[in-house]
Amino acid sequence: MPKHASIPSMTETRFDPSSADGRWQRAWAQAGTFIADSDSEKPKSYILEMFPYPSGRIHMGHVRNYTMGDVLARYKKMRGYEVLHPMGWDAFGMPAENAAMEKKVHPGAWTRSNIEAMKEQLQRIGFALDWTREFATCDPEYYGHEQALFLDMYASGLVYRRQSEVNWDPVDMTVLANEQVIDGKGWRSGAEVEKRKLDQWFLKITDFADELLDGLGELKDWPDKVRLMQENWIGKSQGLEFSFDLSNGAKLPVYTTRPDTIFGSSFCAIAADHPIAQGLARDPAIAGFIEECKRGGTTAAELETAEKLGFDTGITAKHPFTGAAMPVFIANFVLMDYGTGAVMGVPGHDQRDFEFATKYALPIARVVAADPAQADAPMGGEAEVGDGVIVNSDFLDGKSVDEAKADVITRAETGGWGQGTTVWRLRDWGISRQRYWGTPIPFIHCPKCDIVPVPKDQLPVTLPDDVDFETPGNPLERHATWKHTTCPKCGGAAERETDTLDTFTNSSWYFLRFASQPDDAPFDPEEIAKWMPVQHYIGGIEHAILHLLYARFWTRALSHIGKFDVKEPFAALFTQGMVTHETYNFGDNNWLSPEEVNRTSDGATLKTTGEAVTVGRVVKMSKSKKNVVDPDNIIANYGADAVRWFMLSDSPPERDLPWSDSGIEGCYRFVQRLWRLFGQYDAAASGEDKTLARKAHQAIVAVAEDIEALSFNKAVARIYELTAAAEKAGPSESRNFAIRTVLHLIGPMMPHLAEEAFAVMGESSLIADAAWPQHDPALLVEDEVTIAIQHKGKLRDTITAPKGAAKEDLEALALASEKVQRSLDGAEIRKVIVVPDRLVNIVT
RNA sequence: GCGGGUGUGGCGGAAUGGUAGACGCCGGGGACUUAAAAUCCCCUGAUCCUAUAGAUCGUGUGGGUUCGAGUCCCACCACCCGCACCA
């Protein structure tokens, strides 16, 4: 293609994001471009990114997350869908209370001002959001409906209250989540955490364990990783529950997944907090041992190295088949809250039992072997947990592991001493939090009537505003008047529940409220039916288990009690990677921010003194490592489109994206390069450029495929290629088509630039409302292809041949090549493999 | 310990079993300019070489299947993530 002299462009000026960004953001807002119309006849598409916690400022992780969703939303709109792409705020939670304590601001005021600031930031990036549906979970309208849903669940038996052990921080006077306990101490107060039994509210997620597990199978468009994590979390296991008769006359129920190894059992072990152990605690030695078990650390490293410890109770258990008397130990490795809190020890075929038996010199018998001849083979230095054939086990001898399992379960059931059982790792969801900044749990404690739900017409139970955080503990608990009320049943004096709901509750149904927000109900089932399930849900992998499991549970629970007919909330899930940045280190652990450092290709120096700075690993942007880049500064310098383009370029979206200054500069250069190209659109040009036209049509298809696969990095590469081809081409109608194609293809990615250029070309409509360009199928196929010719497995030459050329012709062309002949050097040709339109491989 | 993932130039990464390194960044050279910025053009995996040509090597390591392997199979190594004494 001859290089042509530069055409005087329509605009010699540069694209100026500082004026264009705002202009088009206002234009979209005024036109209501992104307001979802649920009455539309178009097919519906609900695109959702995990809503943010209003911590104060938008960070690069948000920008990446929302840019991906935005491209999908805008693309779907161009493809003729009615798109719902909402945004809101996960606004309850501890940081607001911490801010209240530290900065003496009300959590509500702090949260509201953060929301205002972050909303403005999001708007500056030009996201195609339907702001008419915005809400914050701390709005009484929102949490009031949540209270109503909670009461509905209560009425259906999905909510209950029981005593439960919690981590109690005696200084802050509050319950701590497990992840807030660091080395046995409260993360804020540093105080030794106590175990306390408190009355707590629970949601019966375990009722749905089977459904939640089976449902994973239908989630074909979820990452395998997330499905596996949930599967493991739910932790279904099948086995036998049966009881040993104890020498003291009591019965000891145990649970095992390996009933096939029952003849190898040589002891029983119970948890330190097992009722039998507790009953023996009058003995000071036993009480001491129980205390020792409780002190055991819970960190990974401690568990890894923790020695198996036991205390022989002196009680014996009678083996159900052999009648042998086996010692019963209290053991530190048995958990009270799994199974029955007691196990039968089979040292030969369980590693923990093996270690324990070794330490306490208990018999280690082989009951599974590779084949019956190996029945007397000595055990090695560890338990054999693999498959095999049962040996040394009376009537089980010769059976496979699976056959033996079934046999023992059948005998236990017919003999009436045991039962095949399913045990789950999943626990019921404790949702009580002794905190202020959450949804008040809508119950009243009446001295006469016990626990009474707040009548629905009295909802929402709102939070009082006049609270102080000067003293530790729950402000609702010590508020002068708030908790005092009357019993809805008997009218007598009563107290409100002062616990609030876990904030994960708020995010368990927000997607339903986005889809439909009537005043008098949490949602309208008809609207839910129109929009749900979410077609693309995008967010961080850190929510793989809790949030996503709870949201699935709420959807199923609400569906179960007849609210609507949706089983799974998120048809497809995408977990995006983090935004990372180099770290800079000066001296010992003096982290430096990128602004303090001069980075060149061969190192980094301190801006102030020029001293050398150590360039550290590329890790997730975090305040502690100071490797944070603020999106605001970047947008101010380069505009929204360059940042959006950066977020989509280079790294595949599921992987981490390393931020770099040179990268964003490259993106900005490309924005300007496109602007110049758009300026070269020449309405007067005529003539055909088939090569370029073909490239444009191919790009239309390829970019669409890439966006639908969320392979934004590949879509970006294709746009670069088409851009380069259009730049090099001389004026023609085809070139105009190519330029307009580029403009449409970048519409979802760089919307401000696209709108501006569209307008400069004289269009009065918005590119956001435009249709995705049509492609001509005839132009997708090349009429000439490049054929690779290999000899001895290596490329020797390439030839150009008409598409669809006959095998014989290709072979002849290949052999006619001078380079091929030189490589062949007269050798005898044994075989020629011809792959049509691809290659010819000559075997000698 | 269990489960999962990843490994390709200086960097981020492309590649239905069929031309490895598309595209971007970095780097080098040049044009334009009084100069700079901006922009444009060319080069850019390594080694050898008789150097516009050609050869060899090259996708974590070692094997295998195949006319042909980054891609499939087996074994191993490294790093990352999740869960964790779950009976």
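Here is how names work: the chains are called A, B, and so on, in the same order as the sequence lines, proteins then strands, and each is numbered from 1.
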Undergrad: Within the pair A:Lys794 and B:C57, is there a side-chain N or O less than 4.0 Å away from OP1 or OP2?
TA: yes
Undergrad: Please encode protein proximity along nucleotides 2-11 of chain B as a string of B, S and -, counting only heavy-atom distances under 4.0 Å.
TA: -SS--S----
Undergrad: Identify the two heavy atoms, one from A:Leu810 and one from A:Asp837, that lie closest to each other, and give their separation to 0.1 Å.
TA: CD1-N, 4.2 Å
Undergrad: When you compare the side chains of A:Asp797 and A:Ser817, does any donor N or O come within less than 3.5 Å of an acceptor on the partner?
TA: yes
Undergrad: For the ring pair A:Phe242 and A:Tyr255, is the centre-to-centre distance below 6.0 Å?
TA: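 Centroid separation for A:Phe242 and A:Tyr255: 6.0 Å or greater.
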Undergrad: Under a 3.5 Å cut-off on both pairing distances, which runs of 3 or more consecutive Watson-Crick or G-U pairs involve RNA chain B?
TA: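 The stems are B:1-7 with B:77-83, B:10-12 with B:23-25, B:27-31 with B:39-43, B:45-48 with B:54-57, B:60-64 with B:72-76.
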Undergrad: Separation of A:Phe244 atom CZ from B:A87 atom C1', in whole Å?
TA: 12 Å
Undergrad: Between A:Arg352 and B:C86, is there a side-chain N or O to OP1/OP2 distance below 4.0 Å?
TA: yes
Undergrad: By the 4.0 Å heavy-atom rule, please label A:Arg830 as base, sugar-phosphate, or nothing.
TA: nothing
Undergrad: Between the protein and nucleotides 20-27 of chain B, are there any N/O to N/O pairs under 3.5 Å, and if so, what are the atom names and distances?
TA:
from	atom 1	to	atom 2	distance (Å)
B:A22	O2'	A:Glu721	OE2	3.0
B:C25	OP1	A:Arg669	NH2	3.2
B:C25	O2'	A:Ser662	OG	3.0

Undergrad: Under 30°, 30 to 60°, or over 60°: which ring-plane class applies to A:His319 and A:Phe244, parallel, tilted or perpendicular?
TA: perpendicular
Undergrad: Rounded to the nearest Å, what distance is computed from the CD1 atom of residue A:Ile234 to the C1' atom of nucleotide B:G82?
TA: 15 Å
Undergrad: Could you tell me if A:Arg425 sits above the aromatic ring of A:Trp233, with its cationic atom closer than 6.0 Å to the ring centre and no more than 45 degrees from the axis?
TA: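 The answer is yes, since A:Arg425 meets both limits relative to A:Trp233.
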Undergrad: Does B:C40 have OP1 or OP2 under 4.0 Å away from a side-chain N or O of A:Arg676?
TA: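 True: A:Arg676 side-chain N/O within range (under 4.0 Å) of B:C40 OP1/OP2.
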Undergrad: Would you say the ring centroid of A:Phe678 lies under 6.0 angstrom from that of A:Phe15?
TA: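 No, the ring centres sit 6.0 Å or more apart.
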